[in-house]
Amino acid sequence: MAQNRPCALISEVGREGLIQEAVDLMKQHFEIITHREFLQNPSLSSKIQVVFLWDNKPKPDSSLISSLPALKVIANGGVGIDHLDVPRLNALGIRVSNTPHVVSNATADMAMGLLLASETQFREQYMKRQCEMGFEVTGSTLGIIGMGHIGFKIAQRGRGFDMKILYHNRNKRSCEDEQAVGAVYCKNMEDLLREADFVVLAVNLTPQTTGLIGHKELSLMKTTATLVNISRGRVVDQDALVEALQKRTIRAAALDVTYPEPLPRDHPLLHLPNIIITPHIGTDTLATTLKMVQTMVDNALAAVQGQQIPNEVKPL
């Protein structure tokens with residue numbers, strides 16, 4: 001082991017884990033141990049102070065946590081921490097961090113990419129069937145549910161297409177923010193669903209947002225509307241979505257997230273003509289990945305040094 005460097009656990013290097021460039025960033029400050037090395041040499045457990053969690057790997061279950069007596073922090077790559085029991089970890093003296101903001105541009109790009117791709121693909125299908133015309137993105141109405149940092153970035157991109165921007169959020173944004181993107185606040189989500197041509201979900205997964213979009217909400221949407229989800233799969237009731245797409249209650253859906261991930265090969269969503277599914281790749285760009293990893297490193301360093309963590313996640 002390199003002297004004076006704290007040890008950190010990761011999943012793997014390569015296709016099943018972190019890219020080499022990301023691991024090289026970590027190695028500037030940490031002695032890196034892969035999960036495979038850890039399983040082969042359990043005596044390393046007493047040295048590991050950090051778990052770098054990427055794509056929920058290595059899986060932070062109770063057996064792993066209990067085997068790491070020196071663990072000080074789980075540095076999560078990404079914003080969502082619904083896979084972590086923060087209160088329980090804090091009770092064990094383990095702090096949790098995430099990487100907000102650095103993922104916003106790539107995720108917002110993914111949302112707009114899905115929106116545009118869905119329109120292009122489904123317009124082609126509809127034209128072949130000669131049953132209806134396509135729907136133009138420019139000048140249409142974009143409804144954003146979840147107007148946080150990512151949602152605001154999506155609104156900025158929508159404005160570039162001269163879209164009318166509606167948003168629903170727990171809290172109304174400032175007048176300055178609204179004016180910057182021409183956004184109109186919908187206190188009731190139902191009003192947004194009735195008016196939007198494209199509904200984009202950009203909320204965190206919480207008990208309140210689990211199943212946020214179900215049969216009722218889908219029935220309120222226009223029959224010409226498209227649902228885009230770049231948040232978490234469980235925000236949408238997938239059974240209700242299958243039914244809405246089959247019955248053409250809504251026109252189409254474009255998803256970067258599902259539950260589970262990946263979907264079983266026989267899942268009905270995979271066999272519908274009016275849906276696009278990508279494998280949760282909203283942040284999978286080299287620039288964003290390296291920014292996320294650098295943020296993870298900064299958070300972890302602060303934790304092992306007993307300092308304030310820049311992006312510590314506190315229990316709700």
Side-chain angles (χ1 to χ4, degrees), residues 5-11 17-19 21-30 32 48-60 64-65 68 70-111 146-154 169-171 173 177 202-206 208-209 230-232 257 280 282-316:
R5 286 189 182 183
C7 292
L9 181 68
I10 66 171
S11 54
L18 287 152
I19 61 173
E21 294 93 331
V23 177
D24 289 342
L25 277 178
M26 293 173 171
K27 284 183 175 179
Q28 293 177 19
H29 301 281
F30 294 92
I32 297 300
I48 295 172
Q49 300 182 56
V50 176
V51 171
F52 284 123
L53 202 61
W54 191 264
D55 195 25
N56 200 24
K57 297 174 185 176
K59 191 171 181 62
L64 177 64
I65 300 303
L68 302 175
L71 183 61
K72 294 183 178 180
V73 62
I74 294 179
N76 184 66
V79 180
I81 45 84
D82 48 274
H83 52 292
L84 294 171
D85 188 342
V86 179
R88 183 180 70 86
L89 291 167
N90 285 177
L92 295 171
I94 301 166
R95 301 161 79 182
V96 176
S97 67
N98 64 353
T99 61
H101 306 322
V102 295
V103 305
S104 299
N105 279 321
T107 307
D109 288 348
M110 188 70 189
M147 192 68 152
H149 204 258
I150 293 172
F152 190 78
K153 293 282 188 180
I154 295 169
N169 206 41
R170 285 179 301 175
N171 301 304
R173 301 280 305 222
D177 285 347
V203 298
N204 292 324
L205 181 63
T206 67
Q208 292 72 36
T209 61
I230 47 85
S231 56
R232 283 291 188 269
V257 289
H280 203 158
T283 59
D284 284 2
T285 70
L286 179 60
T288 295
T289 295
L290 295 182
K291 288 177 184 177
M292 289 170 67
V293 170
Q294 185 61 61
T295 302
M296 294 165 69
V297 168
D298 293 342
N299 289 333
L301 280 174
V304 299
Q305 293 169 2
Q307 300 172 356
Q308 182 175 352
I309 298 177
N311 301 290
E312 184 167 7
V313 177
K314 298 289 188 179
L316 295 175

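In what follows, residues are counted from 1 in the order of the sequence shown.
Of all heavy-atom pairs between V203 and G146, the closest is CG1-CA, 3.6 Å. Of all heavy-atom pairs between S231 and V257, the closest is O-CG1, 3.6 Å. Among all heavy-atom pairs drawn from P310 and A302, the shortest one is CD-CB, 3.9 Å. Nearest heavy atoms, L53 versus P58: CD1-O, 3.0 Å. Scanning both residues, S97 and A75, for their nearest heavy atoms gives OG-CA, 3.4 Å. Annotation for G148 and N169: closest pair N-OD1, 4.3 Å, computed over non-hydrogen atoms.
If you run side chain to side chain contact (heavy atoms under 4.5 Å, CB included) between I81 and each of L84, D85, V79, only L84 comes through.
Atom CG of residue N299 and atom CG of residue N98 lie 7.5 Å apart, to the nearest 0.5 angstrom. Distance NZ/K291 to CG/L286: 10.5 Å, rounded to 0.5 Å. Here CD of Q49 is found 14.0 Å from CZ of R5. Values are rounded to the nearest 0.5 Å. For the atom pair CG of L18 and CE of M296, the computed distance is 6.5 Å after rounding to the nearest 0.5 Å. Atom CG of D284 is separated from atom CD1 of I19 by 9.0 Å, given to the nearest 0.5 angstrom. Rounded to the nearest 0.5 angstrom, T209 OG1 and N204 CG are separated by 7.0 Å.
Looking at heavy atoms from C-beta onward, N90 lies in side-chain contact with P315 at the 4.5 angstrom threshold. In this structure, the side chains of T107 and T288 stay at 4.5 Å or more apart for every pair of heavy atoms.
Side-chain atoms of T99 come within 3.5 Å of backbone atoms of G78 as a donor-acceptor pair (strictly under, hydrogens ignored).
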- Can L64 and K59 be said to form a side chain to side chain contact (heavy atoms under 4.5 Å, CB included), step by step? CA-CA 8 Å; L64 177 64; K59 191 171 181 62; over 6 Å; no
- Could you check I230 against I150 for side chain to side chain contact (heavy atoms under 4.5 Å, CB included), going step by step and ending with a plain yes or no? CA-CA 10 Å; I230 47 85; I150 293 172; 4.2 Å; yes
- Using the side-chain hydrogen bond (donor to acceptor under 3.5 Å, both in side chains) rule, take N76 and H83 through it: C-alpha gap first, then chi angles, then the decisive distance, then the call. CA-CA 10 Å; N76 184 66; H83 52 292; 3.0 Å; yes
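Note on ring orientation: taking the six-membered ring where Trp is involved, the planes of F30 and F52 are perpendicular (angle over 60°, cut-offs 30° and 60°).
For the residue pair D298 and Q294, a side-chain donor N or O sits within less than 3.5 Å of a side-chain acceptor on the partner.
No more than 12 heavy atoms of other residues, nucleotides or ligands shown are found within 6.0 angstrom of CD on Q308.
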